[in-house]
Amino acid sequence: MNIYGLTLEEIEELFLSLGSKKFHAMQLFSWLYEKRVESFDEMSDIKKDIISKLKESYSIDRLKIVDVQEDIDVCKYLFELSDHEHIEAVLMKHDYGNSICVSSQVGCNMGCKFCESGRRKKVRNLETYEMVLQILMIEKLLGERISHVVVMGIGEPFDNYDNLIKFFKIINHPKGLAIGARHITVSTCGLVPKILEFSDFPLQINLAISLHAPNNEIRDKIMPINKAYPLEELIPALKTYLNKTNRRLTFEYIMLDGINDSEECALELAKLVKDINCYINLIPYNETNNIEFKRTKTVQIMRFYDILKKNRVSVTIRREFGGKIDAACGQLRSKKEDL
Ligand code: SAH
């Protein structure tokens, strides 16, 4: 087990179980996330016998960064995990701060037809520490703080729910990575039971839904998850989430040429979200060599945008990052492991 996977509460329990005092947990947390030491031996205010017990059960190893690809305001990091699997994280430099797109699984089982990441089936969930370390290690390499986190890399985060929740607790904790909940966003393709569970999670983390279609007919064709949780189940679950949390949702909508980008689609979409407190993020599709979908032409994206606006839907068009270095949305798929 790796120490970076423990929440503060879990470290408190650990100290109690080692016959020590709960308050030492805060010291350990501070060594990890404030002083950022890389060995247990440097934790000078924790007793030697406790340190050796910690060492027996926990490693403090980091991941290996095996490749870094840089562009002007974006950077992609390839990590090697202890079982030699690879994952990616992307750093984006905005005028409001640095944001990181983290991965939540090795591969993905959701099978969205347009998505490169899903071409490799899920191998396993990422452990909590493997998510935390994506941020911690990039901060170190960069020498700057990360202010925003989006869980939109490889994987379906709600298919790795328990580890995800622990990850949020660690990175949000003021003595952990201290990233404000409102600066954290998780994106799901629509796992209804987990959306409902998430509506009871106390941190005010942003929720984004990969919608990508205004009706079941189109959604069924591009997102297999829609067969399990069609819109008549997804939409009420989102309303429950909104009622409970009083928050605002983001809908992601990839513009796919000839598939979901017609004017009728725009009207139908406006109707679908009419009484939902949300905004829609239109995403220009990033074409990949292996998938036949084409990106909608910019004029048509603008037309779609205008229709939504006219129908009083809040809408933005996503700024594109990282196209040159294959770090764009849906392109995270390490060439190292190309099948
Ligand atoms: N599994 C989660 C999170 C990962 S994907 C989810 O489905 O939301 C993050 C976003 O990138 C999703 O909205 C996904 O649909 C989108 N995406 C996937 N492939 C893309 C591509 N080629 N171009 C643009 N966006 C893409």
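In this text, all values refer to a predicted model and were calculated from it rather than measured experimentally. Just so you know, residue 1 is the first one in the sequence shown, and it goes up from there.
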Is any side-chain heavy atom of Met43 less than 4.5 Å from a side-chain heavy atom of Leu28? yes
Does the Thr188 side chain pair with the main chain of Gly190, one donor and one acceptor, at a distance under 3.5 Å? yes
Answer yes or no: is there a donor N or O on one side and an acceptor on the other, between the side chain of Glu144 and the main chain of Glu139, under 3.5 Å? no
NZ/NE/NH1/NH2 to OD/OE distance under 4.0 Å, Lys297 and Asp261: no
Under the side chain to side chain contact (heavy atoms under 4.5 Å, CB included) criterion, do Ile218 and Ile259 qualify, and how do the steps go? CA-CA 7 Å; Ile218 300 176; Ile259 307 281; 4.1 Å; yes
Please determine whether residues Ile225 and Leu256 belong to a single hydrophobic cluster, defined as Ile, Leu, Val, Met, Phe, Trp and Tyr linked transitively by side-chain heavy-atom distances below 4.5 Å. yes
Go through Leu203 and Ile165 one step at a time and tell me if the side chain to side chain contact (heavy atoms under 4.5 Å, CB included) criterion holds. CA-CA 10 Å; Leu203 300 182; Ile165 292 296; over 6 Å; no
Can you find a pair of side-chain heavy atoms, one from Leu249 and one from Tyr279, that are under 4.5 Å apart? no
Pick from Asp159, Val151, Ile154, Asn163: which one makes a side chain to side chain contact (heavy atoms under 4.5 Å, CB included) with Ser104? Val151
Considering only NZ, NE, NH1 and NH2 on the basic side and carboxylate oxygens on the acidic side, decide whether Glu292 and Lys113 come within less than 4.0 Å. no
More than 12 heavy atoms of other residues, nucleotides or ligands under 6.0 Å from CD of Glu232: is that the case? yes
For the backbone of Ser39 and the side chain of Glu42, can you confirm whether one donor and one acceptor N or O come within less than 3.5 Å of each other? yes
Backbone N or O of Leu54 within a donor-acceptor pair of the Ser57 side chain at under 3.5 Å? no
Check the orientation of Tyr33 and Tyr4. Use parallel for under 30°, tilted for 30 to 60°, and perpendicular for over 60°. perpendicular
Side chains of Gln105 and Asn125, donor plus acceptor under 3.5 Å: yes
Work out which heavy atom in Phe293 is nearest to a heavy atom in Glu287; give both atom names and the distance. O-CG, 3.9 Å
Would you say the side-chain atoms of Thr288 and Arg119 include a donor-acceptor pair closer than 3.5 Å? no
Between Ser20 (side chain only) and Leu16 (backbone N and O only), is there a donor and an acceptor less than 3.5 Å apart? no
Is the side chain of His86 donor-acceptor paired with the backbone N or O of Glu80 at a distance under 3.5 Å, no angle test? no
Compute whether any side-chain donor of one residue and acceptor of the other, for Glu252 and Asn281, lie under 3.5 angstrom apart. no
List the steps, then state whether side chain to side chain contact (heavy atoms under 4.5 Å, CB included) holds for Phe29 with Leu6. CA-CA 9 Å; Phe29 221 56; Leu6 298 189; over 6 Å; no
Heavy-atom nearest pair, Met152 first then Ser187, reads CG-CB, 3.6 Å
Side-chain heavy atoms of Ile209 within contact of Thr250, under 4.5 Å: no
Would you say that more than 12 heavy atoms from the other residues, nucleotides or ligands in this model lie under 6.0 Å from the NZ of Lys35, or not? yes
Assess whether a salt bridge exists between Asp200 and Lys244, defined as any Lys/Arg side-chain N lying under 4.0 Å from an Asp/Glu carboxylate O. yes
Within the structure provided, determine whether Val149 and Ile171 are in side-chain contact (heavy-atom separation under 4.5 Å). yes
Take Phe168 and Val186 through the side chain to side chain contact (heavy atoms under 4.5 Å, CB included) test and state the conclusion after the steps. CA-CA 10 Å; Phe168 287 152; Val186 58; 3.8 Å; yes
Salt-bridge test for Arg319 and Asp73: reply yes if a basic N is under 4.0 Å from a carboxylate O, no otherwise. yes
CZ/Arg318 to CD1/Ile283 distance, rounded to the nearest 0.5 angstrom? 3.5 Å
Between the side chains of Asn216 and Asn226, does any donor sit under 3.5 Å from an acceptor? yes
Heavy-atom pair of closest approach, residues Cys75 and Val68: SG-CG1, 3.5 Å
Taking Cys189's backbone N and O only, do any of them form a donor-acceptor pair with Glu156's side chain (distance below 3.5 Å, no angle check)? yes
Does the pair Asp71/Lys76 count as a salt bridge with the N-to-O cut at 4.0 Å? no
Please confirm whether the ring centroid of Tyr253 lies under 6.0 Å from the ring centroid of Phe304. yes
ILVMFWY cluster, Val273 and Leu267 together (side-chain gap under 4.5 Å): no
Ignoring hydrogens and angles, tell me if any N or O in the side chain of Glu127 forms a donor-acceptor pair with the backbone of Gly5 under 3.5 Å. no
Interatomic distance, CD@Gln27 vs CG@Leu32, rounded to 0.5 Å, equals 12.0 Å
Using the side chain to side chain contact (heavy atoms under 4.5 Å, CB included) definition, which of the options Thr296, Ile254, Leu308, Thr316 pairs with Leu282? Leu308
For Arg182 and Asn206, test the side chains for any donor-to-acceptor distance below 3.5 angstrom and give the result as yes or no. no
Under a 4.5 Å cut-off applied to non-hydrogen side-chain atoms, are Glu12 and Lys21 in contact? no
Do Phe158 and Phe198 have ring centres separated by under 6.0 Å? yes
Atom CG in Leu81, atom CG in Leu63: separation rounded to 0.5 Å? 6.0 Å
Does any part of the side chain of Leu91, heavy atoms only, come nearer than 4.5 Å to the side chain of Ile146, both counted from C-beta? yes
Would Glu130 and Arg124 pass as an ion pair if we require N to O under 4.0 Å? yes
Single-linkage hydrophobic cluster, 4.5 Å side-chain cutoff, Val299 and Met255 together: no
Over all heavy atoms of both residues, which pair between Arg62 and Leu133 is shortest? Give the atoms and the distance, please. CA-CD1, 3.8 Å
Show your working on ring pair (Phe, Tyr, Trp, His ring centres under 6.0 Å) between Phe114 and His212 and close with a plain yes or no. CA-CA 10 Å; Phe114 46 80; His212 307 330; 5.1 Å; yes
Given the ring of Tyr161, does Lys194 sit roughly above its face, with NZ or CZ under 6.0 Å from the centre of the six-membered ring and within 45° of the axis? yes
Just so I know, are the side chains of Lys239 and Pro236 near enough to count as touching, which here means a heavy-atom distance under 4.5 Å? no
Shortest non-hydrogen pair, Leu126 vs Ser103, comes out as CD1-O, 3.2 Å
What about His148 and Tyr96, are their ring centers closer than 6.0 Å? yes
Please report the shortest heavy-atom distance between Gly153 and Cys101, naming the atom on each side. N-SG, 3.4 Å
For Thr7, is there any backbone N or O sitting under 3.5 Å from a side-chain donor or acceptor partner on Glu10? yes
Heavy-atom distance under 4.5 Å between the side chains of Glu116 and Ile291, does that happen here? yes
Without swapping roles, check the side chain of Ser52 against the backbone of Lys48 for a donor-acceptor pair under 3.5 Å. yes
With rounding to the nearest 0.5 angstrom, report the CD1 to OG distance, Ile184 to Ser99. 12.0 Å
